[in-house]
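Note sheet for the following structure.
All chains are named by letter (A, B, ...) in the order of the sequence lines, taking the proteins before the strands, and each is independently numbered beginning at 1.
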2 protein chains.
Amino acid sequence: MPRLLIVEDESALRRALTINLKARSYEVEGVGTGASALRAAAANPPDLVIVDLGLPDLDGADVIAGLRGWSQVPIIVLSARDSQAQKVRALDLGADDYVTKPFGMDELVARVRAALRRADVQDLAVGPLVTTPSFTLDLAAKRAVRNGAEVRLTPTEWHLVEALVRHPGTLVSGAQLLAEVWGPGYEKETNYLRVYFAQLRRKLEDSPGRPRHFITEPGVGYRFEP
Amino acid sequence: MPRLLIVEDESALRRALTINLKARSYEVEGVGTGASALRAAAANPPDLVIVDLGLPDLDGADVIAGLRGWSQVPIIVLSARDSQAQKVRALDLGADDYVTKPFGMDELVARVRAALRRADVQDLAVGPLVTTPSFTLDLAAKRAVRNGAEVRLTPTEWHLVEALVRHPGTLVSGAQLLAEVWGPGYEKETNYLRVYFAQLRRKLEDSPGRPRHFITEPGVGYRFEP
DNA sequence: GAGCCCCGTCAAGGACGCGTCAAGGTCGGC
DNA sequence: GCCGACCTTGACGCGTCCTTGACGGGGCTC
């Protein structure tokens with residue numbers, strides 16, 4: 001479980017980040033000032049640091065320089081959109097990546113994962129890779145591979161796969177899948193599920209007629225078997 | 001790949017310099033004393049030397065004099081702001097350029113490049129290079145080369161390339177690209193992406209009709225394939 | 001064993017997204 | 001003030017994807 005250190009003075013945003021990353025089972029420590037960030041990093045070295053460039057005491061760039069003095073830990077910078085110069089300087093000082101505010105949570109998580117992967121840190125948190133004997137799915141990169149060849153999935157197919165794969169081994173009701181992929185109000189359109197699961201099985205299963213991974217539980221819903 | 005020798009007693013700064021210059025694929029050797037600097041330069045002549053004037057054993061000026069006794073290697077001096085006299089003396093002794101502390105990394109890199117160019121050292125190591133079988137991109141220097149010829153990209157094209165290339169192999173959503181290049185509020189202007197990717201492909205791809213590096217994932221976003 | 005329900009399959013239509021081209025419009029340099 | 005480079009915007013054709021309907025089969029109930 002990788003440790004993250006978040007340096008962000010705005011407490012609302014810090015809280016939101018902490019909660020969201022903890023929900024993805026990272027270990028998270030949040031601080032509000034540059035000085036405490038350097039102290040915290042020294043006391044308990046994190047696997048990755050997220051730094052806001054606009055801090056009250058030190059400049060975010062000073063934090064990066066301070067860390068880079070002794071540590072190779074990956075650093076992701078949060079920056080306002082209009083501070084191009086600051087951003088460049090942060091990268092020059094040794095930041096690994098940056099995210100422009102405002103940003104989506106999933107985007108930030110994707111960068112965190114990528115940075116940890118580059119740094120060769122074991123990222124056990126909801127790995128983007130889903131593997132079965134028949135195929136491999138990379139949910140983050142939206143890539144599917146079967147027998148060494150890439151398989152193209154349409155957006156709706158991806159959405160459906162994601163909704164199902166998030167609960168491996170357990171059963172998901174048809175209504176739940178419909179509501180998640182097509183939105184509330186589509187709970188009755190079980191047709192969609194039939195059509196799309198047929199396509200998914202044709203694209204991913206070894207013998208679409210006898211699916212081994214996308215399994216129908218008659219009268220109840222569907223189940224993903226890794 | 002030019003070799004740089006860094007002479008700096010403050011270990012945090014020495015490390016920061018080393019890491020940052022290595023990141024630009026220079027070969028870097030760092031030492032902390034004037035004596036070891038002269039020894040290192042004699043053992044393995046560098047293409048450029050960066051010297052801090054405030055050293056514990058020898059004065060930085062002595063290092064310059066020691067080098068100039070037998071070598072024309074370019075020398076860049078790091079000096080505190082208030083030591084004007086020291087600075088002049090260093091230049092008199094044969095230093096080529098100086099940078100006043102505190103300095104930005106990009107400034108130092110610029111001087112390094114300039115000094116190497118003046119010294120006619122092949123400076124191939126210009127920053128983060130992105131290479132594909134069809135073309136080469138130098139994001140730092142904003143240069144694109146295809147089939148040996150330089151290709152001009154407009155500012156927006158560079159911005160878009162940068163936003164995409166930062167995640168090689170993985171998918172970037174259209175909204176994300178739009179927000180990063182054109183700013184928040186432009187997430188719906190998918191027109192821009194179509195127009196600009198068409199231009200990029202025409203400028204960089206071998207067969208723009210069948211792009212191999214700037215790939216569209218229909219309904220989702222775009223992907224850069226190195 | 002007949003009827004019903006649920007599921008899988010197939011095909012056709014229409015909608016949507018993408019690539020392409022071309023025409024204004026804006027900004028900065030000469 | 002003119003010219004060129006660049007950005008924005010609209011229109012059009014094409015291909016893909018989503019939706020929808022019909023059909024058939026298997027299992028369960030009666």
Side-chain angles (χ1 to χ4, degrees), chain A residues 142 144 150-164 171-183 185-224, chain B residues 142 144 150-164 171-183 185-224:
Chain A
K142 293 264 193 299
E150 178 145 3
V151 178
R152 286 181 46 87
L153 300 187
T154 72
T156 309
E157 286 164 3
W158 273 116
H159 208 150
L160 182 56
V161 166
E162 265 184 71
L164 186 62
L171 181 135
V172 187
S173 78
Q176 194 175 329
L177 289 173
L178 284 164
E180 179 156 350
V181 177
W182 282 271
Y186 283 74
E187 285 87 351
K188 297 288 166 197
E189 305 285 343
T190 58
N191 261 327
Y192 295 3
L193 292 180
R194 295 206 296 275
V195 170
Y196 273 92
F197 272 109
Q199 283 169 202
L200 282 175
R201 298 203 254 242
R202 207 173 322 132
K203 288 183 179 179
L204 295 174
E205 294 270 7
D206 284 331
S207 50
R210 294 215 186 66
R212 299 193 48 237
H213 305 106
F214 296 106
I215 301 184
T216 303
E217 297 285 344
V220 206
Y222 292 82
R223 188 156 47 89
F224 173 70
Chain B
K142 295 260 192 297
E150 178 146 2
V151 178
R152 280 184 51 85
L153 299 186
T154 72
T156 307
E157 286 164 4
W158 273 115
H159 208 151
L160 182 56
V161 165
E162 195 195 328
L164 185 63
L171 180 136
V172 187
S173 78
Q176 193 174 326
L177 289 172
L178 284 163
E180 180 155 348
V181 176
W182 282 270
Y186 283 74
E187 283 87 352
K188 296 288 166 196
E189 304 286 343
T190 58
N191 261 327
Y192 294 5
L193 292 179
R194 296 204 296 275
V195 171
Y196 273 91
F197 271 108
Q199 284 170 198
L200 282 174
R201 298 203 254 243
R202 208 172 320 132
K203 288 183 178 181
L204 295 174
E205 294 269 7
D206 284 330
S207 51
R210 294 212 186 67
R212 299 193 49 239
H213 305 105
F214 296 105
I215 300 183
T216 303
E217 295 287 340
V220 203
Y222 293 82
R223 181 207 315 276
F224 173 70

Q: Strictly below 4.0 Å, heavy-atom distances to any atom of DNA chain C: list the hits from residues 200-210 of chain A, or just say none.
A: Arg201(A)

Q: Using the test ring-ring contact (aromatic ring centres under 6.0 Å, His included), find all partners of Phe214(A) that sit at least two apart in sequence or belong to another chain.
A: Phe135(A), Phe224(A)

Please enumerate all protein N or O atoms sitting under 3.5 Å from an N or O of nucleotides 18-28 of chain D, with distances to 0.1 Å.
unit_1: dC18(D); atom_1: OP1; unit_2: Thr154(A); atom_2: OG1; d: 3.4
unit_1: dC18(D); atom_1: OP1; unit_2: Thr156(A); atom_2: N; d: 3.1
unit_1: dC18(D); atom_1: OP1; unit_2: Thr156(A); atom_2: OG1; d: 2.3
unit_1: dC18(D); atom_1: OP2; unit_2: Thr154(A); atom_2: OG1; d: 2.9
unit_1: dC18(D); atom_1: OP2; unit_2: Tyr196(A); atom_2: OH; d: 3.1
unit_1: dC18(D); atom_1: O5'; unit_2: Tyr196(A); atom_2: OH; d: 2.9
unit_1: dT19(D); atom_1: OP2; unit_2: Trp182(A); atom_2: NE1; d: 2.7
unit_1: dT20(D); atom_1: OP2; unit_2: Tyr192(A); atom_2: OH; d: 2.2

(Q) So, using side chain to side chain donor-acceptor pair (under 3.5 Å) as the criterion, who are the partners of Glu217(A) when residues are at least two apart? (A) Arg223(A)

Using atom types as modelled, flag every donor-acceptor pair under 3.5 Å from a side chain in residues 189-200 of chain B to any protein atom, sequence neighbours excluded.
unit_1: Thr190(B); atom_1: OG1; unit_2: Arg194(B); atom_2: NH1; d: 3.4
unit_1: Asn191(B); atom_1: OD1; unit_2: Arg194(B); atom_2: NH2; d: 2.6
unit_1: Gln199(B); atom_1: NE2; unit_2: Glu157(B); atom_2: OE2; d: 2.7

Q) What heavy-atom pair brings Pro208(A) and Arg202(A) nearest, and what distance separates the two atoms? A) CG-CA, 3.9 Å

Q.
Suppose we screen for side-chain contact (heavy atoms from CB on, under 4.5 Å). Which residues come up paired with Ala175(A), at least two apart in sequence or across chains?
A. Ser173(A), Glu187(A)

Under 3.5 Å between N/O atoms: give me all the protein pairs with nucleotides 26-30 of chain C, atom names plus distance.
none

Q) Starting at CH2 of Trp158(B) and ending at C1' of dC7(D), how long is that distance when rounded to a whole Å? A) 18 Å

Q) With a 4.0 Å cut-off on heavy atoms, is Thr190(A) in touch with a base, just the backbone sugar-phosphate, or nothing at all? A) nothing

Q: Could you pull out all residues at least two apart from Thr156(A) that satisfy side chain to side chain donor-acceptor pair (under 3.5 Å)?
A: none

**Q.** Side chains of Val172(A) and Tyr222(A) in contact at under 4.5 Å (non-hydrogen atoms)
**A.** no

Q | Length of the line joining Arg152(B):CZ and dC6(D):C1', which is rounded to integer Å | A | 10 Å

Q | salt bridge (charged side-chain N to carboxylate O under 4.0 Å, His left out) contacts in which one or both residues fall within residues 204-216 of chain A, not counting sequence neighbours | A | Arg146(A)-Asp206(A)

Q: Would you kindly give the CZ-to-P distance between Phe197(A) and dC6(C), to the nearest whole Å?
A: 18 Å

Q) Has the side chain of Lys203(A) got a donor or acceptor atom that lies under 3.5 Å from a matching backbone atom of Val151(A)? A) no

(Q) Could you measure the distance from the CH2 atom of Trp158(A) to the CD atom of Glu162(A)? Nearest 0.5 Å is fine. (A) 8.0 Å

**Q.** Protein-nucleotide distance (Leu193(B), atom CG; dT8(D), atom C1'), rounded to Å
**A.** 14 Å

Q | Interatomic distance, Phe214(B) CZ vs dC18(C) P [rounded to whole Å] | A | 17 Å

Q: Working to the nearest 0.5 Å, report the span between CD1 of Ile215(A) and CZ of Arg201(A).
A: 9.0 Å

